[in-house]
Trainee: 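Quick one: the structure is below, questions incoming.
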Amino acid sequence: MAAPYHHREIEEKWRGIWKERPVNVYDEKKPKYYCLDMFPYPSGNGLHVGHWRGYVLSDVWSRYMMLKGYYLIHPMGWDAFGLPAENYAISMGVHPAKCTEENISNFKKQINEISAIYDWDMEVNTTEPKFYKWTQWIFVKMFKAGLAYEKEMPINWCPSCKTGLANEEVVDGKCERCSNEVTKKNLKQWMLKITNYGDRLLEDLDKLDWPEKVKKMQREWIGKSYGAQVDFQVDGRKEKIAVYTTRPDTLYGATFMVLAPEHELAEKLSVPETKEAVERYIYEASMKSNVDRLQDKEKTGVFTGSYAVNPINGEKLPIWLSDYVLADYGTGAIMCVPAHDGRDFEFARKFNIPIVQVIAKDGKETEHMTEAYTELKGVMIHSGDWNGMECSALKKEAPEIIEKMGIGKKTTNYKLRDWVFSRQRYWGEPIPIIHCPHCGCVPVPEEELPLLLPEVESYEPTGTGESPLAAIEDWVNVLCPSCGSPAKRETNTMPQWAGSSWYFLRYVDCHNKEQLINKDKAKKLLPVDMYIGGVEHAVLHLLYARFYTKFLYDIEVIDFEEPFVKLFNQGMITGKNGVKMSKSKGNVVSPDELVKEYGCDSLRLYEMFVGPPELDSEWDDRGIEGVYRFLNRFWNMVLEQKDKEVKETEELIRLRHKMIYDITTRLENFSLNTVVSGFMEYNNKMVDLAKKEGVDKKTLETAVLLIAPFAPHLSEELWRHLGHETSVFQNKWPQYDEDSMKDAQVEIAVQMNGRTKVIIKVERDVSKEDAILAGKKSLGDKLKGTIIKEIYVPGKIVNFVIR
RNA sequence: GCCGGCGUGGCGGAAUAGGCAGACGCAAUGGACUUAAAAUCCAUCGGGAGUUAAAUCCCGUACCGGUUCAAGUCCGGUCGCCGGCACCA
């Protein structure tokens with residue numbers, strides 16, 4: 001009787017051995033493969049089985065790539081600055097630095113339970129000065145390049161977190177972190193000109209091997225549109241109103257204009273009779289929150305009393321104010337063509353404004369319009385020189401025609417806005433800027449970086465729009481590095497996303513004191529080949545990181561423009577009925593007990609077996625029993641067979657090659673759940689064979705090698721039992737041979753009218769005639785009636801079509 | 001409202017390129033071993049008809065229709081669930 005499978009002993013033993021003799025060491029001769037996990041924010045709650053899934057996934061892939069002959073880069077670090085860490089610290093009444101440190105050590109301990117092949121020499125922590133020195137350095141470089149600028153404007157403000165937020169952090173009008181309603185606050189802010197990179201961020205998406213879903217989200221977020229800017233003269237005054245439109249082809253159909261209530265001309269355009277109503281409307285609009293504004297279904301508005309002149313036909317258009325026009329998109333003013341825009345139609349209906357059709361749907365004007373016609377199919381009418389033109393053709397040319405006529409110009413527009421980069425909070429990188437009354441904003445000299453985050457008595461947010469740092473007078477008051485006169489430090493800190501926008505670069509050279517990264521190392525070890533994480537960062541972290549990478553490329557720190565060649569979004573592990581695991585729901589499953597009971601290898605295997613990696617999966621503790629039983633059976637089978645000196649038969653050779661083929665193709669397709677079921681299938685077959693003539697050593701070795709990325713401890717142990725002194729990971733991934741895979745005979749289904757009647761065995765390369773003959777013979781008497789067609793699909797089916 | 005994705009046994013899920021639907025596992029049921037239980041092993045496991053038992057036949061991948069010798073897979077329509085975007089002119 002072979003030794004039973006004692007997972008605890010085995011796993012402990014191999015963790016020790018790997019620590020002493022790492023299996024992944026740098027080798028110049030090997031090509032590199034950089035497989036990266038989205039680094040975690042080390043929360044106080046620790047890991048649950050959902051965290052495991054992503055980390056096991058990346059580890060399986062990493063070990064597989066290692067076995068394929070790559071030098072593997074697989075680091076781990078901590079995204080520890082930012083609101084969650086700080087809010088947690090405040091709620092616990094400890095300093096964020098202290099609980100961050102504790103959380104990291106706890107997280108690290110728990111992550112080590114996974115036995116992932118992380119290279120801890122590369123560990124980074126965004127809150128360490130030696131790391132954030134370079135986060136600040138990048139900011140200074142951006143400032144010098146004109147990409148970081150100060151601006152006072154109404155920004156998104158979370159009254160609960162007491163800080164300003166970026167657009168990307170506002171979801172459905174609510175704070176991404178705490179779900180409180182976001183309000184507006186006028187604040188002087190640091191901004192990053194991510195909009196300068198809009199086109200590159202958009203175009204380079206085409207080069208990326210990323211899920212289409214994420215690329216689409218980024219495209220929509222950047223929101224590039226093509227159209228024209230047209231100037232409308234205000235009747236009887238000197239002011240002009242510029243509008244942006246994507247439909248200059250409908251210019252003849254404009255019957256009114258609408259300005260956002262915040263538009264600079266909004267108040268000025270009122271006349272004595274409308275003054276009061278206009279002022280009231282502007283005031284009411286300013287009191288509405290984002291959520292109110294989004295939820296108002298019914299359109300509201302007020303007539304200013306002024307008119308604008310349509311430059312193409314001289315028509316006078318009444319100018320209205322309405323909050324359905326956004327102040328910060330385009331020019332904050334629009335021309336309205338109710339016949340061909342749903343929103344304008346609704347507004348015109350409500351306020352009895354004329355509707356003029358300029359596109360004839362079926363060549364004729366529609367008698368009674370009940371809704372706007374927004375399609376491009378049709379012919380232009382009531383459109384002067386454009387009459388009779390195809391709408392779709394005109395739309396393409398209209399911006400240029402208008403430019404030639406001198407009434408507007410061709411323009412593009414983006415939904416993407418500059419990045420609000422200041423946070424009025426303590427736990428972040430101090431923005432390295434000094435405000436000098438003479439020199440303006442002066443960056444902290446690069447040699448003085450890092451600018452350390454000072455100790456502070458009260459790090460709670462003030463809520464006034466000032467950071468807690470503003471209270472530390474001897475820190476705030478400095479001399480201007482440029483002219484030497486008394487000056488003040490910037491007291492805002494950077495957002496949570498600052499460190500994570502570039503951390504993946506630092507891993508490969510994290511001890512470098514002189515540079516962000518050594519050029520040579522960057523060239524050899526970057527970029528990231530595979531990035532694994534949840535989909536929730538689609539327009540936050542992943543967009544910011546691309547922006548930072550492009551900037552660092554532009555200032556020649558690195559020589560590539562895209563940080564993540566391939567992206568994989570793993571699905572979430574949920575509790576029963578698809579409910580997200582959370583402490584408050586009480587449905588969090590901890591891996592600790594499962595590891596103790598079944599072992600790390602079993603849990604790793606089950607995490608992969610639970611469902612397709614890209615989809616959400618419900619957790620069910622009972623399922624782990626199944627993989628545990630399988631590992632036991634596999635273990636027993638190998639140990640029973642290993643010394644039997646079974647001769648390799650054709651059947652065993654076939655089994656071995658088929659097994660390599662199946663496991664490898666499923667792995668390459670990232671179908672890890674079916675890889676695990678594949679192991680089970682082949683193990684069942686081997687167990688059957690073991691009862692008969694036995695399983696040869698080469699097949700056993702192959703199976704042990706194939707399972708190594710999934711169950712590394714068990715695999716190493718069995719490899720030893722099979723008589724090897726070196727690690728199983730010193731091997732090359734096994735190769736299959738197509739011919740050796742194939743059976744001399746194949747099973748084919750014999751069908752009548754597409755229904756299977758019998759399964760027969762025929763020679764693999766049987767001719768069509770012989771296959772059909774064999775089929776007929778097997779059916780015998782059952783084959784009645786007239787055969788009108790005989791179909792043979794080699795190796796699969798013979799079908800007789802009968803009438 | 002617009003754009004994606006999905007819908008398969010009691011459950012999680014399989015099914016390369018249109019070719020034997022339900023692999024693999026969980027749960028369940030029966031049996032072997034055991035004083036007993038656990039563990040392990042063996043068997044059954046979509047529904048219906050049929051039969052002592054089987055053979056065999058019919059139905060079945062959300063629903064309706066189509067293409068095809070053959071449809072979970074392709075096409076048209078309907079319903080449901082999930083996700084993203086949402087006054088972006």
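In the text below, chain A, chain B and the rest are named by the order of the sequence lines, each starting its count at 1. All values reported here derive from a predicted model rather than from experimental measurement. Side chains included, hydrogens not; waters and symmetry mates left out as well; all remaining heavy atoms used.
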Trainee: Partner lookup for B:rG1, please. Criteria are Watson-Crick or G-U wobble with both distances under 3.5 angstrom; report none if nothing qualifies.
Mentor: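 Check on B:rG1: paired to B:rC85, both distances under 3.5 Å.
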
Trainee: Go through the N and O atoms of the side chain of A:Lys796 and the base of B:rC20, and report whether any donor-acceptor pair is under 3.5 Å.
Mentor: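 Check fails, no donor-acceptor contact within cut-off.
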
Trainee: If we ignore hydrogens and angles and just use 3.5 Å, is the side chain of A:Asn683 paired with the main-chain N or O of A:Phe679 as donor and acceptor?
Mentor: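 The answer is no, because no donor-acceptor pair under 3.5 Å joins these two groups.
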
Trainee: Could you tell me whether the side chains of A:Asp601 and A:Tyr606 share a donor-acceptor contact shorter than 3.5 Å?
Mentor: no

Trainee: A:Thr756 has a side chain; which of B:rG84, B:rG13, B:rC20 sits nearest to it?
Mentor: B:rC20

Trainee: Any chance you could lay out the side-chain hydrogen bond (donor to acceptor under 3.5 Å, both in side chains) test for A:Gln745 and A:Glu763, step after step, and finish with the verdict?
Mentor: CA-CA 4 Å; A:Gln745 290 201 311; A:Glu763 296 301 308; 3.1 Å; yes

Trainee: Mind calculating the distance between CD1 (A:Ile788) and P (B:rU68) to the nearest angstrom?
Mentor: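 Atom CD1 in A:Ile788 sits about 13 Å away from atom P in B:rU68.
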
Trainee: Should B:rG9 be called syn or anti, with syn set as within 90° of 0?
Mentor: syn

Trainee: Measure from CD on A:Glu536 to P on B:rC82 and round the result to the nearest Å.
Mentor: 19 Å

Trainee: Provide the Watson-Crick or G-U wobble partner of B:rC33, both distances under 3.5 Å; none if there is no partner.
Mentor: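 In the structure as shown, B:rC33 has no Watson-Crick or wobble partner.
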
Trainee: Looking for any heavy atom pair under 4.0 Å, which part of the strands does A:Lys415 touch: base, sugar-phosphate only, or nothing?
Mentor: base

Trainee: Check the interface with nucleotides 41-49 of chain B: list each N/O to N/O pair with the protein under 3.5 Å, or write none.
Mentor:
residue : atom : partner  : partner atom : Å
B:rC42  : OP1  : A:Lys691 : NZ           : 3.2

Trainee: Of the listed nucleotides (B:rC59, B:rG19, B:rC24), which one gets closest to any side-chain atom of A:Asn799?
Mentor: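 So the nucleotide nearest the side chain must be B:rG19.
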
Trainee: Describe, in one word, how the ring planes of A:Tyr628 and A:His7 are oriented to each other, choosing from parallel (under 30°), tilted (30 to 60°) and perpendicular (over 60°).
Mentor: perpendicular

Trainee: Looking only at side chains, do A:Tyr414 and A:Asp199 share a donor and an acceptor under 3.5 Å apart?
Mentor: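 Present: a donor and an acceptor within the cut-off.
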
Trainee: What nucleotide, of B:rA14, B:rC59, B:rC87, holds the atom closest to the side chain of A:Thr674?
Mentor: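 Minimum distance to the A:Thr674 side chain belongs to B:rA14.
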
Trainee: Indicate the ring-plane relationship of A:Tyr5 and A:Trp635, choosing parallel, tilted or perpendicular according to the 30° and 60° boundaries.
Mentor: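 If you compare the ring of A:Tyr5 with that of A:Trp635, the planes turn out tilted.
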
Trainee: What integer number of Å spans the C1' atoms of B:rA15 and B:rU61?
Mentor: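 The same atom, C1', in both gives a distance of 11 Å.
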
Trainee: For a quick test of reading the model: is some side-chain N or O of A:Lys757 closer than 4.0 Å to OP1 or OP2 of B:rC57?
Mentor: yes

Trainee: Please name the nucleotide paired to B:rA39 by Watson-Crick or G-U wobble geometry with both distances under 3.5 Å, or report none.
Mentor: none

Trainee: Is the backbone N or O of A:Gly332 less than 3.5 Å from a side-chain atom of A:His263, with the two atoms forming a donor-acceptor pair by type?
Mentor: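 The answer is no, because no donor-acceptor pair under 3.5 Å joins these two groups.
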
Trainee: Could you please name the option among B:rG13, B:rA23, B:rG25 that lies closest to any side-chain atom of A:Ser677?
Mentor: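 Shortest atom-to-atom distance from the side chain points to B:rA23.
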
Trainee: Describe, in one word, how the ring planes of A:Phe347 and A:Phe351 are oriented to each other, choosing from parallel (under 30°), tilted (30 to 60°) and perpendicular (over 60°).
Mentor: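 Ring orientation, 0 to 90° scale: tilted.
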
Trainee: Taking atom C1' in both B:rA39 and B:rA54, compute the distance separating them and give it to the nearest angstrom.
Mentor: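 After rounding to an integer number of Å, I get 35 Å for this pair.
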
Trainee: Just to be sure I understand the rule, does A:Glu790 reach a base, reach only the sugar-phosphate, or reach nothing, if contact means heavy atoms closer than 4.0 Å?
Mentor: nothing

Trainee: Under a plain distance cut-off of 3.5 Å, with no hydrogens placed, do A:Ser677 and A:Thr674 share a side-chain donor-acceptor pair?
Mentor: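 The answer is no; no qualifying pair exists.
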
Trainee: Between A:Asn669 and A:Phe800, which residue's closest nucleotide on RNA chain B lies nearer the 5′ terminus?
Mentor: A:Asn669

Trainee: Expressed in whole Å, how much space separates the C1' atoms belonging to B:rU67 and B:rG18?
Mentor: 11 Å

Trainee: For B:rG46 versus B:rC11, give the span between their C1' atoms, rounded off to a whole number of Å.
Mentor: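 The same atom, C1', in both gives a distance of 13 Å.
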
Trainee: State which of B:rG13, B:rC87, B:rC58 makes the closest approach to the side chain of A:Pro612.
Mentor: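 For the A:Pro612 side chain, the nearest candidate turns out to be B:rG13.
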
Trainee: Rounding to a whole Å, what distance do you find between A:Met608:CE and B:rA14:P?
Mentor: 14 Å

Trainee: Give the rounded distance in Å between these two atoms: CG of A:Asp621 and C1' of B:rG12.
Mentor: 14 Å

Trainee: For B:rC26 versus B:rC82, give the span between their C1' atoms, rounded off to a whole number of Å.
Mentor: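 Going atom to atom, C1' in each nucleotide, I get 25 Å.
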
Trainee: Whole angstroms only, please: what is the CD-C1' distance between A:Glu738 and B:rU16?
Mentor: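 In whole Å, B:rU16 C1' and A:Glu738 CD are 12 Å from each other.
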
Trainee: Please confirm whether A:Lys658 makes a cation-pi placement over A:Tyr661, using NZ or CZ under 6.0 Å from the six-membered ring centre and within 45° of the ring normal.
Mentor: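 No, A:Lys658 does not sit over the ring of A:Tyr661.
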
Trainee: When you get a sec, tell me which of B:rC59, B:rC87, B:rG25 is the closest nucleotide to the side chain of A:Phe609?
Mentor: B:rG25

Trainee: For B:rC59 and B:rG66, measure between their P atoms and round to the nearest Å.
Mentor: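 Between the two P atoms, the distance is 16 Å.
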
Trainee: Using both distances under 3.5 Å as the test, list the Watson-Crick or G-U wobble partner of B:rU44, or none.
Mentor: B:rA28

Trainee: Kindly point out which of B:rC59, B:rC24, B:rC3 is positioned nearest to the side chain of A:Lys216?
Mentor: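 Nearest listed nucleotide: B:rC3.
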
Trainee: Can you measure A:Gln751 atom CD to B:rC69 atom P for me and round it to whole angstrom units?
Mentor: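 Atom CD in A:Gln751 sits about 14 Å away from atom P in B:rC69.
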
Trainee: Look through every strand shown and name the nucleotide pairing with B:rG72 as Watson-Crick or G-U wobble, where both distances are under 3.5 Å.
Mentor: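 Base partner found: none.
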
Trainee: Could you tell me how far B:rU78 sits from B:rC87 if I compare only their C1' atoms? Round to whole Å.
Mentor: 30 Å

Trainee: Is A:Ser225 close enough to B:rA89 that one of its side-chain N or O atoms is under 4.0 Å from OP1 or OP2 there?
Mentor: yes

Trainee: Kindly point out which of B:rC87, B:rA23, B:rC20 is positioned nearest to the side chain of A:Ile797?
Mentor: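 It is B:rC20.
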
Trainee: Does A:Val627 reach a base, just sugar-phosphate, or nothing at all? Heavy atoms under 4.0 Å.
Mentor: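 Answer is nothing: A:Val627 stays at 4.0 Å or more from every strand.
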
Trainee: Counting only Watson-Crick or G-U wobble pairs whose two distances fall under 3.5 Å, which nucleotide matches B:rA15?
Mentor: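 With both distances under 3.5 Å required, B:rA15 matches none.
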
Trainee: Do the side-chain N or O atoms of A:Asn673 get closer than 4.0 angstrom to the phosphate oxygens (OP1, OP2) of B:rG25?
Mentor: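 No, no such contact exists.
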
Trainee: Counting Watson-Crick and G-U wobble pairs only, both distances under 3.5 Å, name the nucleotide matched with B:rU78, or none.
Mentor: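 Check on B:rU78: paired to B:rA62, both distances under 3.5 Å.
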
Trainee: Rounding to a whole Å, what distance do you find between A:Lys213:NZ and B:rG83:C1'?
Mentor: 5 Å

Trainee: Quick check on B:rA89: is either OP1 or OP2 less than 4.0 Å from any side-chain nitrogen or oxygen of A:Tyr329?
Mentor: yes

Trainee: Using the C1' atoms only, state how far B:rA28 lies from B:rU34, rounded to an integer number of Å.
Mentor: 23 Å

Trainee: For A:Arg666 and B:rA15, give me the distance from atom CZ to atom P, rounded to whole Å.
Mentor: 7 Å

Trainee: Let's test this: given Watson-Crick or G-U wobble pairing with both distances under 3.5 Å, identify the partner of B:rA49.
Mentor: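 Because both required distances fall under 3.5 Å, B:rA49 counts as paired with B:rU56.
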
Trainee: Within 45° of the ring axis of A:Tyr324 and under 6.0 Å from its six-membered ring centre, is that where the NZ or CZ of A:Lys299 lies?
Mentor: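 Relative to the ring axis of A:Tyr324, which defines the angle, A:Lys299 lies inside both limits.
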
Trainee: For A:Gly754 and for A:Arg622, locate the closest nucleotide of RNA chain B by heavy-atom distance; then report the residue assigned to the nucleotide nearer the 5' terminus.
Mentor: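 Looking at the nearest nucleotide for each, A:Arg622 comes out on the 5' side.
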
